[in-house]
Amino acid sequence: MVPSLGNFSLFLSLLFAISQFIVSRKNKNLKFISISVIGLLISSLISFFLLMYSHVVSDFSVLNVFQNSHTTKPLLYKISGVWGNHEGSMLLWILVLTLFNYFIFKLFNKKNSIFILKTLEVQAFITIGFILFTVLTSNPFERMIPAQANGLGFNPILQDPALAIHPPLLYIGYVGLSAAFSLSVATLSLNNSEKIPWYNYMKPFVVAAWTFLTAGIALGSIWAYYELGWGGWWFWDPVENASFMPWLLGTALLHSLIVVEKRKSLQTWVLLLAILAFLLSVVGTFLVRSGILTSVHTFALDPSRGIYILIFTALIGVYSLTLFGSKSKKYFDNNYFTFFSKEGSILVNNILMIVVCATVFLGTIYPLLVEAFTNSKISVGEPYYNSTVIPIMIPAILIMGVGPMLSWGKENKSKVFKEILPNILLTILMTFFIFLIYKSYSVIGFAGIILAFWIIFNNLLMLIKKNRKYSISMIVAHLGVGLLILGITGSSVWQEEKIIKMKIDEKTKIEKYNIVFDKINEIRGPNYVALQGIFFVYDDKKNIVTKLKPENRFYPIENNFTTEASIHTNIFRDLYIVLGEGNSNDGWVVRIYYNPLVIWIWIGALVIFLGGITSININLKKLKILS
Amino acid sequence: MKKQLLIIPFIIFLFILLTFFYLLAIERNPSELPSNLLDKKIPKFETESLLKNERFISAKEFGKEKILVNFFATWCQPCRTEHTYIKRFSKEKGIRIIGINYKDNPKKAVEWLRKLGNPYSDVPVDKNGRIAIDWGVYGIPETFVINSNGIIKYRHIGPVTKKIYKKINLLISDIE
Amino acid sequence: MIKKKFIIIISICLVHFFLNNVQAVEPDEILKNQKQELRARDISKNIRCMVCQNQSIDESNAPLAKDLRILIREKIKEGKNNDEIYEFLTDRYGDFILLNPPFKLNTLVLWFFPFIFFGIGIFIIFFHNKKSKQN
């Protein structure tokens, strides 16, 4: 009953999307539009919650619930499990799409009616594409009759709070970019959109998208860090790259919008980036769900899904990019700026972000190209990205320090130099200081610390100056990046690792810490049993620092093992312990990691997120004033 | 900025799109792993034999006739399921099969072959897995088709299924 | 009674403990010579685990990964240099086993394009600058 209703509601939402498309194209009747928009939102909400209901009550007659759930799964994961699989995640995509569709609709007023209608038309097309895809290839309401008594369970490493909110945040990101896409296409296709402040409409969507994409990516990395067991948090896995590329273009888009708002320059950049960022999001979806790549993340593989997504991408891509090719010329401006200016630094940043994005894209699809066109197979892994992306990022970060301080149009080089001289000195001083503490002489470490403090001090300087012209959200977000770089450098360059076999009551030492293996407990969780090791950590003054309790869990339903690392965090370092194999006779394999400055990665990401939220608020206020 | 340059994003997009369509069209299997030793001579090895007293020397055995090489072990469940097909190769094609016993207990292996039937003309023992590494083996079972000149013509990863059995059958007839 | 069952289950399970995503170098693999061990780790991080999805043999718990880790350490002790070790592995498993793509004809594009993109980018910047100055 419930699943059939859910399925019906899904079809209904398809109808509403089609009606929105037709009405915004032909009829243009405001009443019908609002019925379509609201109907679309409500029907997709209903189908989403009905799927959630089926999961929560463990209705195994629904194939999706059977394949991904079990009665013993904790409630939180029954809920988040709704979007932890391919079919369910499509419902979440659709829900967020209909929500943003509603936000676009709210922008409607007498002056911009044609423009917003056009935007709604494009957005409707996108929504139809996603709902049709779901209905044709990935319907979560498919039944399994006769229903089994219980389900197959859910991968235990995915049963985690960080991973539960990671997809919704990412989808807000991608859908926000779809709104920017629709606004861009509307701008290009209409003839007098110069009169419409289309960039003012686009900005809040882009800021929201970028902010939540940042949060989503950060949460994915946090999860990887504490779940996967060796202190790594980024692997250049194709699915990670699929979210990173839209983020890079989103960053360029965000900054270009600021320039458009203030100086009307870079409009063609904005129009193009808005199209490309969303196209990349969809291509990313294609790469991940089509089965064309293998990755730790890939969802169930199905070539028909791949074909559909590719055709959809082809339609929106060909249309939008040919439109751009023919219509964007009138958005050129001849406003002069040197490249030692605020616009100049943003333009350089755009180019660098696009170069990094193109590099990551190339690295991701290159193995496919080699396989398709030659008879061999190669891998492109972490070493490739490290050697290409990092060198290109370095100038971008250097520019990021000084760019915000430059004036519009043209800047006096010696004036700026005088302003940032204290920063340069402070940065050098801080770098020496850090090196005194960590006593390590790595070139990458050196570069990373310099860059981090370059950003941090430049932004603190701007903060202290209380100059009205510096946007607080920019300072906060950039500060976050500086902290992020600090964390990344510390944890990558100065990580210490110890792998040994320990018997109970034995002790070992890492850095200044003494670690004693106290005992092994057997514990029981809601859907797992585990062996838990108890380790006491003492500092060099024999004071107890913490008790670490790593676990090896066995989930009987899924027949799967996981390890849960135990981590003690402070602002200087993480102490991270993993319990390996072993027994009471021979002892246990214990892996201990000393990861400096890791928490600054997460703090940095949080600060960036806060900067973004502040900016969303400011931009929403601006939008209200507009209307 | 010239107007013509504005069409460049579209052109790049088209190229990438066509590449993806092509990749989907050729139906590649992303988990299929080619052997780097195809069309190369078999890696030489010398080791003890499970069932015979004399050592197994590959140089003596390969290069005279078509041979099937099958990596197997008693602890490997898929090896058990494919064993009927291995026996069929021996019976129906009359082809010589060499079974390399991978990281196994010799006594158990002897018993396993006694119980399930022994299609192998010889069973060299790969105690520590190094022979397998020399053959570029990922995991057992793996089956190789060698022609009469000692050249590796084909490698299959995983158990031999009906489909693979047919494929290898045809191949054996085709090669020299 | 139930507790006993659990202990048995856990012991049996952990004997067959087989997880692909925990960093996997074991204490008994570690070489005594620190320099050699560091070399082994560096090489391992560049070798793909062929039976996993997107992991190096340094990270993977798969049996093949372990065998290769041990083999690499043996070769280091024998005095082989890094190139020889990589060649040994690629002879048997192809270039696919390298996570750092080799510098060959079929990877020319891969290695050069980022810098070509970068160059084009710089060119665009200068071109824009020149044009702006003219206006």
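Below, chains carry the letters A, B, ... as their sequence lines are ordered, and counting in each starts from 1.
- Neither the backbone nor the side chain of C:S56 comes within contact range of chain A, judged by heavy atoms closer than 4.5 Å.
- Heavy-atom distances place the backbone of A:I500, and not its side chain, under 4.5 Å from chain C.
- Proximity to chain C (any heavy atom under 4.5 Å) is shown, for A:Y384, by both the backbone and the side chain.
- The choice from A:P556, A:G381, A:P383, A:A565 that makes the most heavy-atom pairs within less than 4.5 Å of chain C is A:P383.
- C:R39 meets the salt bridge (Lys or Arg N to Asp or Glu O under 4.0 Å) test with no other residue; sequence neighbours excluded.
- In this structure, C:R92 satisfies the cation-pi test against C:F88, with its NZ or CZ atom closer than 6.0 Å to the six-membered ring centre and inside 45 degrees of the ring normal.
- With respect to the salt-bridge test (charged N to carboxylate O, under 4.0 angstrom), the residues C:E37 and C:R73 qualify.
- One distance of note links OG1 of A:T562 with CG of A:L158; it measures 10.5 Å at 0.5 Å rounding.
- Residue C:I30 touches chain A through its side chain alone, counting heavy-atom pairs closer than 4.5 Å.
- Annotation: salt bridge (Lys or Arg N to Asp or Glu O under 4.0 Å) contacts of A:E551 (sequence neighbours excluded): A:R553.
- With rounding to the nearest 0.5 angstrom, the CD1 atom of C:I76 is 11.0 Å from the CD atom of C:E74.
- Counting heavy-atom pairs closer than 4.5 Å to chain A, the top residue among C:I97, C:N46, C:V109 is C:V109.
- A:L352 touches chain C through its side chain: at least one heavy atom from C-beta onward sits under 4.5 Å away, while N, CA, C and O do not.
- Of the two parts of A:V370, only the side chain, counted from C-beta on, holds a non-hydrogen atom closer than 4.5 Å to a non-hydrogen atom of chain C.
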